[in-house]
Amino acid sequence: MNSSHSSAAPRSPHTFRTVFPVLALCWLAVFFDGMDVNIYGAVMPHMLDDSGLGLTPATAGTIGSWTTFGMLIGALTAGNLTDWLGRRLMLVTSVTLFSLGSAICAVAPGVGLFGAGRFVAGLGLGGLMPLCLAMVMEFAPPRRAALTTGLLMTSYHFGGMAATGLGLTLAPAAGWRWVFWAGVLPALVAVPLLLKLLPESPGVLLAHGERAKADAVADRYGLPRPTEVAAPAAGAAGRLAAIRALFRPESRWATPLLWLASFSGLLLVYGVSTWLPQMMRASGYGLNSSISFLMVINAGGIVGLLIAGRAADRFGAVRVSAIWFVLTAAGALLLKSQLPLGVTYAVVAVTGVFLFSAQVMVYAATNTVYRDSERAAGLGWVNGIGRTGAVVGPWLIGVLATNGNQSWGFTTFALAGLVGAVAIALVPLARRIGRSDAPAAPAPVAATVGLS
């Protein structure tokens, strides 16, 4: 973003190749996000066996909810602070926070400080995801938003697999604390790269009054130059206006449905990420097998995102998300049954194909509901309100586990899948109703009055 990027500089084509640096950097950040989120579930069986820590199933679920409560606050706060600090600096802050939280967990002598560490990590994790999604959607090539979103989110599951690998290898050999020390790596690896290589959003630069820089970044990556309409309004008044815009007539009914779908999807994602190994262990599977299920479901998630992204670009994100939620519910009910180990691995993998990408396609569906200037706020609120599901999921399964009813967790997951399917499927109808509620032109109004 130096002086060589003037308004006369040649524009780059808008392809995957030109925006690859942005996608790659956001991919790396979300990889570490996925690793941190899944670390807790991967080492929980070892932590429950550590009598010195004092962790019980009830407190384990509560701490899982502290993490996601931090995510809720982080998701709702990050979008507002972006107006002042920019998306790049907020991404760096988010990565630094969840690395700090992981370090606190590594040294925690008891559950109190450990829970505080997970809350701090949650603040960073909650802010990172909507920022990366907004960046990637802004830079994505035309008509490839769903596919680009799916590619980005594969990193979450590669991170989850890395966490599972650490839980299977490092935790038994060196103790669960060393797995959390590995969670400090993002601050050492990702932060320098983000500061050096990640561009700022052209829309945010324009909102800050930096027209020349905004045009230079747009030209460099082949984007349309931002307009005042596409730029988010700055300041407190701009943030309030962005929230009000989510409830303009065209989207006032679709917005709560997107929130409900996101609630259901994130209840599934974080309930499964936190509790799947322990739930499978309680169902009679061995310790290593139980932890391995977390790796298998994340591997399925990677495949699912690649399939869902292409399918959504062809058939629409709403339709794909609804079908994926229903198939997730079916997989959760199958896991409630006592199946042979090999069959269980297959069911877990297939369930992973649908579970995670159902939620990601909710994010992709926001592109059909919100205008460019509303995208960051819309994503932030869909993600932030959805985080209440991420809070409820780990807590609820913890309550069931304390009462010896862990098998009911699978029923809970199935119900969440069905609720998510209904909510997202109703979004197109809600948009049509919203358009009919919009202020009508004078002639149609007169005709309506005459008919009455």
Given Leu100 and Thr96, is the side chain to side chain contact (heavy atoms under 4.5 Å, CB included) satisfied, shown in steps?
-> CA-CA 6 Å; Leu100 173 63; Thr96 303; 5.5 Å; no
Can you name the one residue among Ile424, Val427, Leu429 that meets side chain to side chain contact (heavy atoms under 4.5 Å, CB included) with Leu257?
-> Val427
Side chain proximity check, Pro199 to Val22, heavy atoms < 4.5 angstrom = yes
Main-chain N/O of Leu28 paired to Ser155 side chain as donor or acceptor, under 3.5 Å = no
If you measure from CZ on Arg319 to CZ on Arg314, what distance do you get to the nearest 0.5 Å?
-> 11.0 Å
Over all heavy atoms of both residues, which pair between Ala261 and Gly420 is shortest? Give the atoms and the distance, please.
-> CB-O, 4.1 Å
What one should report as the nearest heavy-atom pair of Val184 and Ala103 is CG2-CB, 3.8 Å
Kindly compute the distance separating CH2 (Trp181) from CH2 (Trp176), expressed to the nearest 0.5 Å.
-> 11.0 Å
Any side-chain heavy-atom pair from His157 and Phe356 closer than 4.5 angstrom?
-> yes
State whether the side chain of Arg88 and the backbone N or O of Leu198 hold a donor-acceptor pair below 3.5 Å, judged by distance alone.
-> yes
Side chain to side chain contact (heavy atoms under 4.5 Å, CB included) between Met135 and Leu23: does it pass, once the steps are laid out?
-> CA-CA 8 Å; Met135 283 286 285; Leu23 178 59; over 6 Å; no
Side-chain (Thr164) to main-chain (Ala42) donor-acceptor, under 3.5 angstrom | no
Atom CH2 of Trp66 with >12 non-hydrogen neighbours under 6.0 angstrom = yes
Over all heavy atoms of both residues, which pair between Met295 and Gly165 is shortest? Give the atoms and the distance, please.
-> CE-N, 3.6 Å
Spatial distance of atom CE (Met161) from atom CZ (Phe31) [nearest 0.5 Å] = 10.0 Å
Hey, does Val43 have a side-chain heavy atom less than 4.5 Å from the side chain of Phe180?
-> yes
Do Ser264 side-chain atoms and Leu260 backbone N/O form a donor-acceptor pair below 3.5 Å?
-> yes
Short question: side chain of Thr67, backbone of Gly122 - any donor-acceptor pair under 3.5 Å?
-> no
Could you state the interatomic distance from CE (Met35) to OG (Ser102), rounded to the nearest 0.5 Å?
-> 7.0 Å
Identify the heavy atoms of Val348 and Leu335 that sit nearest to each other, and give their distance.
-> CG2-CD2, 3.5 Å
State which residue, out of Thr351, Val347, Val350, fulfils the side chain to side chain contact (heavy atoms under 4.5 Å, CB included) condition with Leu334.
-> Val347
Give the intermediate values and the outcome of side chain to side chain contact (heavy atoms under 4.5 Å, CB included) for residues Ser99 and Leu185.
-> CA-CA 7 Å; Ser99 296; Leu185 285 174; over 6 Å; no
Side-chain contact test, heavy atoms from C-beta onward, threshold under 4.5 Å: evaluate it for Met361 versus Val318 and give yes or no.
-> no
Side chain proximity check, Met71 to Leu266, heavy atoms < 4.5 angstrom | no
Are the side chain of Ser65 and the backbone N or O of Val391 linked by a donor-acceptor pair below 3.5 Å?
-> yes
Donor-acceptor contact below 3.5 Å, side chain Ser262 vs main chain Leu258 | no
When rounded to the nearest 0.5 angstrom, what distance separates CG in Leu152 from CE in Met129?
-> 7.0 Å
Taking C-beta and beyond as the side chain, do Leu268 and Gln359 meet within less than 4.5 Å on heavy atoms?
-> no
Does the side chain of Pro21 reach to within under 4.5 Å of the side chain of Leu197, using non-hydrogen atoms?
-> no
Under the salt bridge (Lys or Arg N to Asp or Glu O under 4.0 Å) test, which residues partner Asp49, sequence neighbours left out?
-> Arg281
Sequence neighbours excluded, which residues qualify as ring-ring contact (aromatic ring centres under 6.0 Å, His included) partners of Tyr345?
-> Phe293
Check the pair Ile302 / Tyr156 against side chain to side chain contact (heavy atoms under 4.5 Å, CB included), numbers first and verdict last.
-> CA-CA 8 Å; Ile302 294 170; Tyr156 176 92; over 6 Å; no
Carboxylate-amine/guanidinium contact Asp50 Arg177, below 4.0 Å | no
Shortest non-hydrogen pair, Pro172 vs Gly167, comes out as CD-O, 3.3 Å
Using a 4.5 Å cut-off on heavy atoms from C-beta on, say whether the side chain of Val392 contacts that of Phe263.
-> yes
Reported CG-to-SG distance for the pair Leu194 and Cys26, which is rounded to 0.5 angstrom = 7.5 Å
Pair listing, ring pair (Phe, Tyr, Trp, His ring centres under 6.0 Å) test, anchored in residues 299-342, at least two apart | Trp324-Phe354
So, Trp27 versus Thr154: side-chain donor-acceptor pair below 3.5 Å or not?
-> yes
When you measure from the side chain of Asn298 to the backbone N and O of Leu294, does any donor-acceptor pair fall under 3.5 Å?
-> yes
Taking all non-hydrogen atoms of both residues into account, name the closest pair between Gly127 and Ser94 and its distance.
-> C-OG, 3.7 Å
Short question: side chain of Thr56, backbone of Thr59 - any donor-acceptor pair under 3.5 Å?
-> yes
Verify the ring-centre separation between Phe119 and Phe114: is it less than 6.0 angstrom?
-> no
Ile297 and its side chain to side chain contact (heavy atoms under 4.5 Å, CB included) partner, picked from Leu276, Asn38, Val353 | Leu276
